Structures are given as structure tokens and as C-alpha cells.
Amino acid sequence: MTKTICFTNNKGGSGKSTVCANLGYELSKAGKKVLLIDGDMQLNLTLSFFDREEAFAFVQSGNSLYSAVREKKSVKEYIVNTPYANLDIVPSSTLLSQIEYELFTMMQREYALKKCLESVKTSGEYDYILIDAPPTLGTWVINILCASDKIIIPVEASPWGLFGLANMFDFLEQISEVTKVEVLGVLITKVDERKNYYRQTRESLLGLDDIKVFDTCIHVDSAVEWAQDNSMPVGAYKKNSRCAKEFVKFAEEVIENVNR
């Protein structure tokens with residue numbers, strides 16, 4: 001069965017797009033068929049695989065997630081092949097800034113995205129659908145959560161990394177009547193061993209009831225920035241880098257835990 005996982009945190013800078021892109025790449029390298037959905041108007045997930053000119057060409061042509069939701073069409077019509085085998089994407093658009101207004105006029109607005117994904121999900125063509133969500137808690141994020149089976153929450157190992165996490169869990173509780181999405185786990189990102197923030201962050205997270213903290217963590221690594229500058233996953237840019245190896249381990253953890 002196709003598993004749909006979204007990456008969400010209402011705090012910006014947690015590394016959602018980076019984790020989504022690199023997990024998708026490593027899952028595809030492991031032989032899984034993966035569809036990425038860029039649900040953030042900043043286009044960071046799209047830019048992880050295409051340069052700016054190509055990304056904005058998708059926007060101008062209307063080949064984007066925004067068009068699918070606005071026109072109430074299957075995302076299948078908007079799927080783009082990435083340069084990597086087994087890895088496709090539905091690009092984002094800067095017009096997603098208008099999506100809250102567009103949803104306001106729709107019936108059953110919480111399920112607009114779910115309906116757009118339905119034919120792709122039921123076809124079983126993909127093993128995983130990974131959705132990158134914006135750092136907000138509005139109707140559009142509710143759509144993404146309603147379309148998902150599981151959530152992965154990236155949390156930055158910094159003094160402000162845990163800021164707003166309680167709001168995230170409160171939000172999930174508030175919308176429990178419209179979605180039964182489950183938290184697959186929390187991934188600690190941007191770890192710097194020279195600082196104590198990783199230990200403090202991990203201890204705080206382990207103190208939360210019934211929340212899994214992934215064994216893998218993602219360190220600060222310049223290879224990630226260089227890979228992003230070249231619109232590539234870090235595993236394709238520099239497969240022997242520390243971060244690339246961590247994303248391989250993270251993919252293994254996700255595969256192991258997603259069906260539990």
C-alpha cells in the first residue's frame with residue numbers, strides 16, 4: 001500500500017524541505033517508487049531538484065500543485081520526472097500564497113488535497129508519497145495532514161528548536177475529528193557536536209509521552225548547502241559525506257517503522 005508522509009513543523013528553519021528531498025532520494029535508491037509533493041510556496045522542495053529557471057517555468061506553465069487543487073484535478077496530470085530513477089515530483093507555485101482563499105470557497109475544504117491525491121494513491125504506483133508542508137497551522141496544512149497517513153516532525157537542535165512544538169501537538173489534537181494522521185516520529189536536525197543543544201533537545205523530546213524520536217539525527221554539513229546550490233540531493237552530490245550517510249540510515253529507519 002502507498003504510504004503518505006508529510007513533513008511539518010510550525011517553526012521555520014527546521015529543515016523540512018531538506019529532509020523531505022533527501023529522504024525521498026534515499027528511498028528511491030533503496031528501490032522504492034516515490035512521489036514528492038511540494039506544498040510550500042517557497043518552492044524549496046522543487047528547487048532541490050531543478051534550478052530556478054526550471055522551477056519558475058513550472059509556475060508560469062501552470063504545472064503545479066496549486067493548479068491541481070484550484071482546478072480540483074488529480075495530481076497525476078502535474079507529475080514531473082526528476083533526474084533520478086523512481087523519484088517524481090509535483091512542483092509548487094508561488095501562487096500557493098493564495099491557497100487559503102481558494103479553499104475558503106470550497107465544500108469540504110479540508111479534503112481538497114486528499115481528493116487530488118486519491119487516484120494516484122489508490123493506483124499503488126508509488127510506495128511513498130512525501131509532502132513538504134509550509135511552517136504554518138492554517139487550512140492548507142490541515143489539508144496536507146488530512147491527505148497523509150503519517151507525520152515526520154523535523155526539530156532543529158538549537159535554543160529555539162522546540163519553540164512551538166507544543167502548539168503543533170495541540171493543533172493535531174484539535175483536528176483529530178477530521179484526520180486520524182499519526183506522528184511517525186521526530187527527527188533532530190542541524191546537529192552541531194560542538195554545542196550542547198543536541199543533548200538538551202534529545203532529552204526534552206524523550207521526555208514526551210508516546211512520541212518516537214528517531215535514532216538517526218542529521219548533522220550540520222556543508223555538503224548539504226553545496227548540494228542545494230546545485231539543485232541536487234546530498235547523496236547524489238557527495239555520497240560519502242556525513243549527511244548523505246545519515247539520510248541513508250534515516251531511510252532505513254522510516255522503512256522499518258512506517259508499517260508498524
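The shown structure was predicted, so the numbers you read here are calculated from the model rather than taken from an experiment.
- Between the CG atom of Leu184 and the OG atom of Ser148 there is a distance of 11.5 Å, given to the nearest 0.5 Å.
- Counting heavy atoms of neighbouring residues, nucleotides and ligands inside a 6.0 Å radius, atom CD of Glu193 exceeds 12 of them.
- Enclosure of atom CZ in Arg199 by more than 12 non-hydrogen atoms of other residues, nucleotides or ligands within 6.0 angstrom is indicated.
- In this structure, Leu206 and Glu203 have side chains that are not in contact, with every pair of non-hydrogen atoms separated by 4.5 Å or more.
- For residues 132-145, the pairs satisfying side chain to side chain donor-acceptor pair (under 3.5 Å) are Ser17-Asp132, Glu100-Thr139, with sequence neighbours left out.
- With Glu77 contributing its side chain and Ser74 its backbone, the two residues share no donor-acceptor pair below 3.5 Å.
- Side chains of Phe169 and Leu208 form a contact here, defined as non-hydrogen atoms less than 4.5 Å apart.
- For the pair Ser61 (side chain) and Phe58 (backbone), a donor-acceptor distance under 3.5 Å is present.
- By the 4.5 Å heavy-atom criterion applied to side chains, Leu23 and Ile152 are counted as neighbours.
- Linking Ile, Leu, Val, Met, Phe, Trp and Tyr residues whenever their side-chain heavy atoms come within less than 4.5 Å leaves Leu137 and Met41 in two separate clusters.
- Counting only heavy atoms from C-beta outward, the side chains of Leu162 and Thr201 approach each other to under 4.5 Å.
- Classification of the His219-Tyr198 ring pair by plane angle, with boundaries at 30° and 60°, yields tilted.
- With hydrogens and angles ignored, the 3.5 Å screen pairs a side-chain donor or acceptor of Ser231 with a backbone N or O of Phe50.
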Is there a salt bridge (Lys or Arg N to Asp or Glu O under 4.0 Å) between Lys212 and Glu182? Walk through the geometry before answering. CA-CA 11 Å; Lys212 173 180 173 55; Glu182 299 177 350; over 6 Å; no
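- Not a single donor-acceptor pair under 3.5 Å links the side chain of Asp88 to the backbone N or O of Ile79.
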Before you tell me yes or no, could you show the steps for Lys32 and Ile255 under side chain to side chain contact (heavy atoms under 4.5 Å, CB included), namely the whole-Å CA-CA distance, both residues' side-chain angles and the distance that decides it to 0.1 Å? CA-CA 10 Å; Lys32 307 297 183 182; Ile255 292 170; 4.2 Å; yes
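- A salt bridge is absent between Lys249 and Glu26: the closest approach of a Lys/Arg side-chain nitrogen to an acidic carboxylate oxygen does not fall below 4.0 angstrom.
- Considering only heavy atoms from C-beta on, Lys3 stays 4.5 Å or farther from Ile129 through its side chain.
- With Leu45 as reference, Leu36 is the one residue of Leu36, Thr18, Ile37 to meet the side-chain contact (heavy atoms from CB on, under 4.5 Å) rule.
- Val234 pairs with exactly one of Trp226, Phe247, Tyr25 by the side-chain contact (heavy atoms from CB on, under 4.5 Å) rule, that one being Phe247.
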Begin from the C-alpha positions of Val75 and Val69 and carry the test side chain to side chain contact (heavy atoms under 4.5 Å, CB included) through to its verdict. CA-CA 8 Å; Val75 297; Val69 176; over 6 Å; no
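- Under the 4.5 Å side-chain contact rule for hydrophobic residues, Val181 and Leu130 do not share a cluster.
- Tyr237 and Gln228 share no side-chain donor-acceptor pair at under 3.5 Å.
- Atom OH of Tyr197 has 12 or fewer heavy atoms from other residues, nucleotides or ligands within 6.0 Å.
- A distance of 11.0 Å separates OG of Ser158 from CD1 of Ile188, quoted to the nearest 0.5 Å.
- Note that the CZ atom of Phe250 and the CG atom of Leu27 stand 8.5 Å from one another [nearest 0.5 Å].
- More than 12 non-hydrogen atoms from other residues, nucleotides or ligands lie less than 6.0 angstrom from OH of Tyr84.
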Check the pair Leu43, Val59 against side chain to side chain contact (heavy atoms under 4.5 Å, CB included), reporting the backbone distance first and the verdict last. CA-CA 10 Å; Leu43 282 72; Val59 175; 4.0 Å; yes
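- When the options Glu246, Lys245, Glu252, Glu253 are evaluated for a side chain to side chain donor-acceptor pair (under 3.5 Å) with Thr216, the one that passes is Glu253.
- Formation of a donor-acceptor pair under 3.5 Å by the Asn230 side chain with backbone atoms of Met232 is not found in this model.
- Of all heavy-atom pairs spanning Val34 and Ser28, the tightest one is CG2-N, 4.0 Å.
- A chain of hydrophobic side-chain contacts below 4.5 Å, direct or via other Ile, Leu, Val, Met, Phe, Trp or Tyr residues, connects Leu96 to Ile144.
- We find the OG-CG distance between Ser48 and Asn22 to be 7.0 Å, quoted to the nearest 0.5 Å.
- Considering only heavy atoms from C-beta on, Ile151 stays 4.5 Å or farther from Ile5 through its side chain.
- Following chains of ILVMFWY side-chain contacts shorter than 4.5 Å, one can reach Val191 starting from Leu165, so the two form part of one hydrophobic cluster.
- Scanning both residues, Ala223 and Ser241, for their nearest heavy atoms gives CB-CB, 3.8 Å.
- Using a 4.5 Å cut-off on side-chain heavy atoms (C-beta onward), Tyr111 and Cys146 make contact.
- Distance CG/Asn86 to CG/Leu35: 12.0 Å, rounded to 0.5 Å.
- Put simply, OG1 on Thr46 and CZ on Arg52 are 11.5 Å apart, with the number rounded to the nearest 0.5 Å.
- Both Val19 and Val224 are members of a single hydrophobic cluster when ILVMFWY side chains are connected at heavy-atom separations under 4.5 Å.
- At a threshold of 4.5 Å between non-hydrogen side-chain atoms, the residues Val183 and Ile153 count as touching.
- Remark: Phe163 CZ is loosely packed, at most 12 non-hydrogen atoms of other residues, nucleotides or ligands lying under 6.0 Å away.
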Step by step, would you call Val80 with Phe49 a side chain to side chain contact (heavy atoms under 4.5 Å, CB included)? CA-CA 11 Å; Val80 174; Phe49 300 94; over 6 Å; no
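- Minimum heavy-atom separation, Ser64 to Val90: C-CG1, 4.3 Å.
- The list of salt bridge (Lys or Arg N to Asp or Glu O under 4.0 Å) pairs with a residue in residues 111-127, not counting sequence neighbours, reads Lys33-Glu125, Lys121-Asp149.
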